[in-house]
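Structure record follows, encoded as structure tokens.
Order of the sequence lines sets the chain letters (A, B, ...), proteins ahead of strands, with each chain counted from 1.
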There are 2 protein chains.
Amino acid sequence: MRAAATLFTDVGYDETSTTKIATAAGVTTTTIYWYFADKDALLVAVLDHVLEAALAEAALHSQRPWADQVLWAVDRLERYRRLVTVVHARAPISESIGAWHDEFHRLVDSMMVDGFRDAGVPESDLDAMTKIGVFVVEGLLMHPQSEQDRRAVVTLLTGQTRRGSGSS
Amino acid sequence: MRAAATLFTDVGYDETSTTKIATAAGVTTTTIYWYFADKDALLVAVLDHVLEAALAEAALHSQRPWADQVLWAVDRLERYRRLVTVVHARAPISESIGAWHDEFHRLVDSMMVDGFRDAGVPESDLDAMTKIGVFVVEGLLMHPQSEQDRRAVVTLLTGQTRRGSGSS
DNA sequence: GGTTTTCTTGAATGGCGTACAAGAAAGGTA
DNA sequence: TACCTTTCTTGTACGCCATTCAAGAAAACC
């Protein structure tokens, strides 16, 4: 069932009708509504599923340098670009998605705080730096960049301006 | 007519039906379709209108310090949060909105490059810094923050860590 | 005054998310 | 075995949506 909701990731939420989901899953739309309160609830289930898988993988990389971790996350999550945009678009109008979004940011914020603290960001800048980190990662997800551009942005973000990635 | 499309800003694009727009404008939905090819074209017209007005106002502040300019932009554009999210959500699926989004980023990128260059960012980091700037501003628009948090983020972003805005 | 162009409309179409009453499957208990 | 209850699935229907089309009103032009 949730396998059928790969459609949200690849095709998009608004572009995927409940009928298409039902057909792909070999059932009727009404069946979907027995398992999920509404289409938003189905999206939340997909989000939870996807996030859980990503977190499990991320745990394997937790010892790598901070810049590598962030870059890995961007690479790993890039495929969920459509989910990122639709969550932000629907968060203000859908109770369930708004709640998921809030909790998601609490989680990501805490991970970012730890990462930047370990990377040596002074305590006074930690909150602001965390927000910048989250916004930049979301920006990279929503606006796909070339491999080098991604790396340049993350490198600059995480403070180690290793020089030699400029342009023109 | 475009005055009636204030609905997009305040209520949201998906939440505003063509019928509501037509009623608010004192016409029928069909009339709207004489002036605009589809609902997306109407959104693009609203975006152009809103952007033009903001740019005109921004020109008056072009002599202020870079950090103030960015902060002013965030304050000024915050009311368009719904537009920001819907543009990102629809850019991949709507030709016209995708085109608008591309051109918008070209414009904003060039403004950001100039701003950061004048602020003393080395040429080698300029491209990456510009992207970070754009992503952070978009992030601030999509995730409303308190006055102090906004200021702290922009201050850190623009490099003048003036100290004394930390937390806890 | 007649013709052409500009604008507005009512009615229709197909698709959407969702609700509901009815029934099939499955499981438990005698 | 037969009955009852819970779990699941379905066909059908509703109201709303974006969009289209043929028809007509208003305005502009000659």
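- A side-chain donor from one of A:Ser96 and A:Ser94 sits under 3.5 Å from a side-chain acceptor of the other.
- A:Val154 pairs in a side-chain contact (heavy atoms from CB on, under 4.5 Å) with only one of the listed residues (A:Leu140, A:Val136, A:Asp68), which is A:Leu140.
- Side chains of B:Met142 and A:Phe135 form no contact here, defined as non-hydrogen atoms less than 4.5 Å apart.
- A parallel orientation is assigned to the rings of B:Phe104 and B:Trp100, their planes being inclined by less than 30° (bins at 30° and 60°).
- Spacing between atom CD1 of B:Ile32 and atom P of C:dT9 amounts to 10 Å, rounded to whole angstrom units.
- You'll find a donor-acceptor pair under 3.5 Å spanning the side chain of B:Thr30 and the base of C:dG10, going by distance alone.
- Contact check of residues 10-25 of chain A against DNA chain D (heavy atom, cut-off under 4.0 Å) returns no residues at all.
- Not a single donor-acceptor pair under 3.5 Å links the side chain of A:Thr28 to the backbone N or O of A:Thr31.
- Side-chain atoms of A:Gln69 come within 3.5 Å of backbone N or O of A:Ser62 as a donor-acceptor pair.
- Side-chain N or O atoms of B:Thr155 include one that pairs as donor or acceptor with a backbone N or O of B:Arg151 at under 3.5 Å.
- Listed in residue order, the members of residues 33-50 of chain A having a heavy atom less than 4.0 Å from DNA chain C are A:Tyr33, A:Asp38, A:Lys39.
- Side-chain atoms of B:Lys39 come within 3.5 Å of backbone N or O of B:Tyr13 as a donor-acceptor pair.
- Contact annotation for B:Thr31: base contact, defined as any heavy-atom pair under 4.0 Å involving a base atom.
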